[in-house]
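Please read these numbers as outputs of a predicted model, since none were measured by experiment. Numbers here simply count residues along the sequence, with the first being 1.
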Amino acid sequence: MKSPFAVFQGRNALDTIGLFALLLLIMANAFHYNIYLDFRYYREIFGLLFLCLDILYFFSPKKHSGNGTSQLTKALKYLLVFPVMLALWSLFDPEIPLYGDYEINPISAGEQDLRLYVLRNALLYIPMVVYFYFRGLNLQELRLIALIAILISLFSINSYLQNRNINSITKIGLIAEESGISIDYNTYVPYLTFLILCGIFLISSKIGKVVRFIVIICIAINIIFCFLSTSRQSVLFIILTVGTFYYFSYKGKRSKGMLLNSLLLAVICIIFYLNVTKGYVLSDNFLNRFSSVNGFVTDESSKRVNAAREGFLLLNPVEWFTGAGLTCVINSGPHNDYVRWTQRVGIPLMILGFMPFLIAFSTCFSLIRMNRSNNTLFVFLILAIGFTLFHSFFCYPREEANQSLVSFLGLSMWFGAYREGLLKPSFKSHLIKSTPAEELPATINNPVSQQ
C-alpha cells in the first residue's frame, strides 16, 4: 500500500480540498467534547465549506459524469426532500412538548427557536453527502478515511477520559469499578463502534504489517473501552460487525490470514483488559450486564421497550400520520430514533427520513447475496449504513454530536463508492485479490482519467 496521502495525486482542486476537509472534520469531531465550548460552530463551518464545494462542483465542466444510476438518484432525492418537508412541518408546529417542559441542555442552550435546532441537525451534513455524490470515492480513498478514523480514536478516547478526570488510557479499569462514572454510553461510546468497523475493514484489506499491527492495537483498545463502559448496544454492534465480516467475507485462502488477525486481536484484547482492570473491583452493575445472557438483555432493555411503547401511546390516531410537532421531543422521551421521529412528524415522514439509508443498505445487501465470498467492501459499506439503522433503535445517531458525523459519513462513502463504480458485481474480481490500491486499474485508482 502506497503512502496514504498518494490519493491526492491526480485529483483536481475540488477533489483535493473536499477530501482534505473531510479528514479534518473527522479529526475535529473526535475531540468534540474538547473543542465545542471554544469553537461552537465548527461543524457549521465545514457544512458551509461543503456547500460551496457543491455549488462549484455543480457548475464545474469537469464534474464526475459516470456511474449515475436510478438508485443513486433516488437516494439523493429522498435525502434532499426530507429537510424540505421538515421545514414545512415546522410552520405548523404547536411547540407543545410531549414530556412536560423542555429540558434544555448545553447542546441546545442559546437557541432562540427549537425548530431551528431540529432543522439544523437535519441539514448539517447533507452538503457533505451531496459533495461525495458529485465527486466519488475510490478504494484507496475509502481506506484512507478508515485509517484516519481508527488512528484518531486513541487520542480521542484519551482526551475524553481526561475530561472525566481519568488522566491515562491505562486507567480505564476505573470505569468498570465505578459503573461508567458518567461515561456517555448512549452517545460517545456507540460512535466508537463505527471506528472499530473502519479498523476491521482495514485489516481485511492488504495493508502493510506495521500499519496492520497498529490498527489491531487501536481496535483492541476501542473494544475494551466499549466493553468497560457497559454500553450493551455497542458491544452488540461489535459482535454483529465481526460476525458479518466473518460470514460474508473471509472465505477460501483469505480465511487463514483473517484467523491470524483475529487471534492477534483477541490476545491483545485479553492482555489489555487484564492490565487495565488489575487492582480494580468490578462493579455489580458491570458484572450483572455481562455475566449472563439474561443480564445482558433485561434490566434497562425492558425499560426501553416499555418507554418506546408508551411513546407511541402518547400520540392520538391522527398524530400517527402527522406527528405531534417537530419540537415535541428534544432531549427527552424514549431512546429510539424511530419512535422519536414518529412522535415529531408521523410514520410516513419518519420513513422518508430513513429512506436514503434503506436504499443504500438494500443495494449493498443485494451485492453481497450475488457474491457470497470476498465481499470486504460491500460488507464494510452495509455495516457503515447499518450503523445508523441499528443504533437508531437505542439512541439518536443522526442528531448526537459524535454519531451524526459517522452516520452521514457512512452514507457519503456509499454515494462515493457507487459513483466511482465500485458497487457492482464486476468489481468482485478486485476484491477477491484484495488488491492494494497502487495495483488497481488506473480508471479506478484515478477517476480523473475518466473525465
Worked verdict on Leu349 versus Thr342 for side chain to side chain contact (heavy atoms under 4.5 Å, CB included) | CA-CA 8 Å; Leu349 197 49; Thr342 298; over 6 Å; no

Is there a donor-acceptor pair closer than 3.5 Å between any side-chain N or O of Arg344 and the backbone N or O of Val329?
-> yes

Should Tyr273 and Phe227 count as side-chain neighbours, where that means a heavy-atom distance under 4.5 Å?
-> yes

Please examine the side chains of Thr327 and Ile96, heavy atoms only from C-beta on, and report whether any two atoms are closer than 4.5 Å.
-> no

Between atom CD1 of Ile223 and atom CD1 of Ile238, what is the distance when rounded to the nearest 0.5 Å?
-> 5.5 Å

Under 3.5 Å, is there a donor-acceptor pair between the His391 and Thr193 side chains?
-> yes

Ser407 and Pro397: which non-hydrogen atoms are nearest, and at how many Å?
-> OG-O, 3.4 Å

How long is the gap from CG on Leu22 to CD1 on Ile145, to the nearest 0.5 Å?
-> 5.0 Å

Sub-4.5 Å side-chain heavy-atom contact between Arg135 and Tyr57 | yes

Please report the shortest heavy-atom distance between Asp93 and Gly325, naming the atom on each side.
-> OD1-CA, 3.4 Å

Is the gap between the ring centers of Phe361 and Trp414 under 6.0 Å?
-> no

Worked verdict on Arg120 versus Glu44 for salt bridge (charged side-chain N to carboxylate O under 4.0 Å, His left out) = CA-CA 9 Å; Arg120 166 257 194 193; Glu44 285 81 355; 2.8 Å; yes

For the ring pair Tyr131 and Phe50, is the centre-to-centre distance below 6.0 Å?
-> yes

Are Gln162 and Tyr33 linked by a side-chain donor-acceptor pair shorter than 3.5 Å?
-> no

Hey, are the side chains of Thr376 and Phe245 touching, using non-hydrogen atoms and a 4.5 Å cut-off?
-> yes

How close do Leu161 and Phe225 get, heavy atom to heavy atom, and via which atoms?
-> CD2-CE1, 3.7 Å

Could you give the distance from CZ (Arg43) to CD1 (Ile35), rounded to the nearest 0.5 Å?
-> 9.0 Å

For Cys269 and Ile224, run side chain to side chain contact (heavy atoms under 4.5 Å, CB included): C-alpha distance rounded to whole Å, both residues' side-chain angles, the deciding distance at 0.1 Å, then the answer.
-> CA-CA 7 Å; Cys269 282; Ile224 296 304; 4.2 Å; yes

Enter the distance from Cys198:SG to Leu192:CG here, rounded to the nearest 0.5 Å.
-> 11.5 Å

From the options Ile183, Ile196, Ile221, select the one residue that forms a side chain to side chain contact (heavy atoms under 4.5 Å, CB included) with Cys226.
-> Ile196

Arg398 charged N/C atom sitting above Phe354 aromatic ring, 6.0 Å / 45° = yes

List the steps and the verdict of side chain to side chain contact (heavy atoms under 4.5 Å, CB included) for Leu326 and Trp341.
-> CA-CA 8 Å; Leu326 201 61; Trp341 278 101; 4.2 Å; yes

Verify, without hydrogens or angle tests, whether Ser205 (side chain) and Phe201 (backbone) share a donor-acceptor contact under 3.5 angstrom.
-> yes

Are Asn121 and Val118 close enough that some pair of their side-chain heavy atoms sits under 4.5 Å apart?
-> no

Dump the intermediate steps for side chain to side chain donor-acceptor pair (under 3.5 Å) on His32 and Tyr42, then the final yes or no.
-> CA-CA 9 Å; His32 174 80; Tyr42 76 92; 2.8 Å; yes

Look at the side chain of Asp337 and the backbone N and O of Glu399, then say whether any donor-acceptor pair between them is shorter than 3.5 Å.
-> no

Residues passing the side chain to side chain donor-acceptor pair (under 3.5 Å) test with Thr363, sequence neighbours excluded, are Gln71

Taking every heavy atom of Ile26 against every heavy atom of Leu405, the minimum-distance pair comes out as CA-CD2, 3.9 Å

Ignoring hydrogens and angles, state whether a donor on the side chain of Tyr191 or Ser156 is under 3.5 Å from an acceptor on the partner side chain.
-> no

Got a donor-acceptor contact below 3.5 angstrom from the Asn275 side chain to the Ile271 backbone?
-> yes

Please work out whether the ring planes of Phe194 and Phe387 are parallel, tilted or perpendicular, with thresholds of 30° and 60°.
-> perpendicular

Non-hydrogen side-chain atoms of Leu236 and Arg232 separated by less than 4.5 Å | no

Test side chain to side chain contact (heavy atoms under 4.5 Å, CB included) on Val276 and Leu174 and set out the steps.
-> CA-CA 8 Å; Val276 298; Leu174 187 62; over 6 Å; no

Checking Asn222 side chain against Cys218 main chain: does a donor-acceptor pair fall under 3.5 Å?
-> yes

Atom CG of Leu383 and atom CZ of Phe378: how far apart are they, to the nearest 0.5 Å?
-> 13.5 Å

Please determine, by modelled atom types, if Asp184 and Tyr160 share a side-chain donor-acceptor pair under 3.5 angstrom.
-> yes

Do the non-hydrogen side-chain atoms of Tyr41 and Tyr36 ever get within less than 4.5 Å of each other?
-> no

Glu141 versus Gly136, closest heavy-atom pair with distance = OE1-O, 4.1 Å

Is the backbone N or O of Asn186 less than 3.5 Å from a side-chain atom of Gln403, with the two atoms forming a donor-acceptor pair by type?
-> yes

Is it possible for you to check whether Arg340 lies under 6.0 Å from the centre of the six-membered ring of Tyr396, through NZ or CZ, and within 45° of that ring's axis?
-> yes

Side chains of Gln343 and Val339: does their closest heavy-atom pair fall under 4.5 Å?
-> yes

Between the CG atom in Leu53 and the CZ atom in Phe134, the distance rounded to the nearest 0.5 Å is 11.5 Å

Any donor-acceptor N/O pair, Glu420 side chain to Leu422 backbone, under 3.5 Å = no

Closest heavy-atom contact between Leu86 and Ala122?
-> CD1-CB, 3.6 Å

For the pair Ser404 (side chain) and Ala401 (backbone), establish whether a donor and an acceptor sit closer than 3.5 Å, ignoring hydrogens and angles.
-> yes

